[in-house]
Number of protein chains: 2
Amino acid sequence: MNRGKALHGTVGPSFARGAHDHTVCLEEAVQRAEALCEQRGVRLTKQRRDVLEIVWSGHRPLGAYDILAVLVQEQGRKPQPPTVYRALEFLQDQGLVHRVESLNAFVGCPLPGERHSCQLLLCRACGDSAEMVDPEAVESLKRSAGTAGFEVEKVTVELKGLCPRCASDRAGAGA
Amino acid sequence: MNRGKALHGTVGPSFARGAHDHTVCLEEAVQRAEALCEQRGVRLTKQRRDVLEIVWSGHRPLGAYDILAVLVQEQGRKPQPPTVYRALEFLQDQGLVHRVESLNAFVGCPLPGERHSCQLLLCRACGDSAEMVDPEAVESLKRSAGTAGFEVEKVTVELKGLCPRCASDRAGAGA
DNA sequence: TTGCTTTTGTTATATCGTTGCATCTATAAC
DNA sequence: GTTATAGATGCAACGATATAACAAAAGCAA
């Protein structure tokens, strides 16, 4: 878990730490979600939990229709797009998942409950993502915008590039 | 024009400066585009120039289908989506327009030719946008990502909130 | 002119997201 | 327990965004 961790640098089980036990990773995410929803008096229904688990099945952002496909595969019923989008909306409102604007996709948030604007690292090679917290950058952005008279409400930062693994693979291949 | 201007703070005819002569603004943008394309030996065809002018008809990001609608309205012919997307792709490659990821829309770049990652200010009330340059923030982001072993190739920053005009309108309304 | 490359036209289709309304389910008041 | 209510889900249709594949045309150079 990340509770009590200083909010600077990469957070969550990002590719920065290499391999990890994803079963545990997923379990902890669901437990955090349960605790938060309980605490806030909102309902983490089966649909919502299912969608959360699918999003958390990896660290690669998933499209709404990817999620839908998994739901269809896993269950007898045949949910429609609104089902998925509604669940995602709830999860976003609760800060449990982030929307990745540049991919039209969704990814689990390793820091639910903490008020933060997230900075996402997106690997263009393997598709994996990680969340990073850089308060200085965010402060600088807000300051610059403020100088221009702009009142910032939401900060979206997405960095595209190569994750450590893919970068070294590329280097190793002689590129 | 912005040539020679220090690359820090808002750039272009943003809402930071209030009203401006947009006819001149558009003309200069097209002239910059022509000069750049000439210099690079690429072709700013009629289609591409038309799309550029439509994008630059205001400072509000336009969707591809908005642009398409204007093309249909202005011309006898009836272009199809690929026409617009191809023109937009060209203009993006040449750094003449930016894609606004969080809006699935496109907006003219006031700094073509300069190598920069753009930080966009997006007003949620009036829809207008402005471009800002904050090298410190970008450096900080790259540094943070680098610490995690991530090789940054592209930095996307979009700030949503209220532009000066809309912010003061709101305040004036007693809100 | 001829041949080649680049651009545009055209049709169809893929992908992403929402509206509107009916139905069901959990919760609470009685 | 029954019933009223709000919240959640099911469902059908649709709207918005984006691309694939191939044909035709336009620019350019030998």
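Here is the naming used below: chain letters follow the sequence lines, and residue numbers restart at 1 for every chain. Note that the structure is predicted; figures quoted are calculated from it, not measured.
For dT9(D), one of the phosphate oxygens OP1 or OP2 lies less than 4.0 angstrom from a side-chain nitrogen or oxygen of Arg48(A). Dashed line: the shortest gap from a side-chain N or O of Thr83(A) to OP1 or OP2 of dT9(D) is not under 4.0 Å.
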Task: Trace of the salt bridge (Lys or Arg N to Asp or Glu O under 4.0 Å) decision for Asp169(B) with Arg165(B) - done: CA-CA 6 Å; Asp169(B) 281 2; Arg165(B) 186 187 314 267; over 6 Å; no
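Chain A approaches DNA chain C over the interval dC16(C) to dA26(C), counting the first and last nucleotide 5' to 3' with an atom under 4.0 Å from its heavy atoms.
Atom CD of Glu89(A) is separated from atom P of dT9(D) by 12 Å (rounded to the nearest Å). Rounded to whole Å, the distance from CG on Leu91(A) to P on dA8(D) is 12 Å. Counting to the nearest Å, the C1' atom of dT9(D) and the CZ atom of Arg49(A) are 17 Å from each other. The CG atom of Asp66(B) sits 11 Å away from the P atom of dA18(D) (whole-angstrom rounding).
Ser117(B) is linked by a side-chain hydrogen bond (donor to acceptor under 3.5 Å, both in side chains) to nothing, counting only residues two or more places apart in sequence or in another chain.
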I'd like a table of donor-acceptor pairs (distance under 3.5 Å, sequence neighbours excluded) in which one partner is a side-chain atom from residues 97-108 of chain A, with atom names and distances.
{"from": "His98(A)", "atom 1": "NE2", "to": "Glu131(A)", "atom 2": "OE1", "distance (Å)": "3.3"}
{"from": "Arg99(A)", "atom 1": "NE", "to": "Glu101(A)", "atom 2": "OE1", "distance (Å)": "3.1"}
{"from": "Arg99(A)", "atom 1": "NH2", "to": "Asn104(A)", "atom 2": "OD1", "distance (Å)": "2.9"}
{"from": "Ser102(A)", "atom 1": "OG", "to": "Glu158(A)", "atom 2": "OE1", "distance (Å)": "2.5"}

Using distance only, find each side-chain donor-acceptor pair of residues 81-96 of chain B under 3.5 Å and give its atom names and separation, not counting sequence neighbours.
{"from": "Thr83(B)", "atom 1": "OG1", "to": "Gln80(B)", "atom 2": "O", "distance (Å)": "3.4"}
{"from": "Gln94(B)", "atom 1": "OE1", "to": "Arg40(B)", "atom 2": "NH1", "distance (Å)": "2.9"}

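Annotation for Glu38(B): atom CD does not count as buried by contact number, only 12 or fewer foreign heavy atoms lying within 6.0 Å.
Here the side chain of His20(B) pairs no donor or acceptor atom with the backbone of Cys25(B) at under 3.5 angstrom. For the pair Gln119(B) (side chain) and Asp134(B) (backbone), a donor-acceptor distance under 3.5 Å is present. Proximity of a side-chain donor or acceptor of His59(A) to a complementary backbone N or O of Gly127(A) within less than 3.5 Å is not detected.
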Protein and nucleotides 19-27 of chain D: nitrogen or oxygen contacts under 3.5 angstrom:
none

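The stretch residues 93-105 of chain A touches DNA chain C through Arg99(A), Asn104(A), each having a heavy atom within less than 4.0 Å of the strand.
Base contact: Gln80(B) has a heavy atom under 4.0 Å from a base atom.
Side chains of Leu159(B) and Leu141(A) form a contact here, defined as non-hydrogen atoms less than 4.5 Å apart.
Rounding to the nearest 0.5 Å places CZ of Arg124(A) at 9.0 Å from CD of Glu151(B). In this structure, CG on Asp50(A) lies 9.5 Å from CG on Leu44(A), to the nearest 0.5 angstrom.
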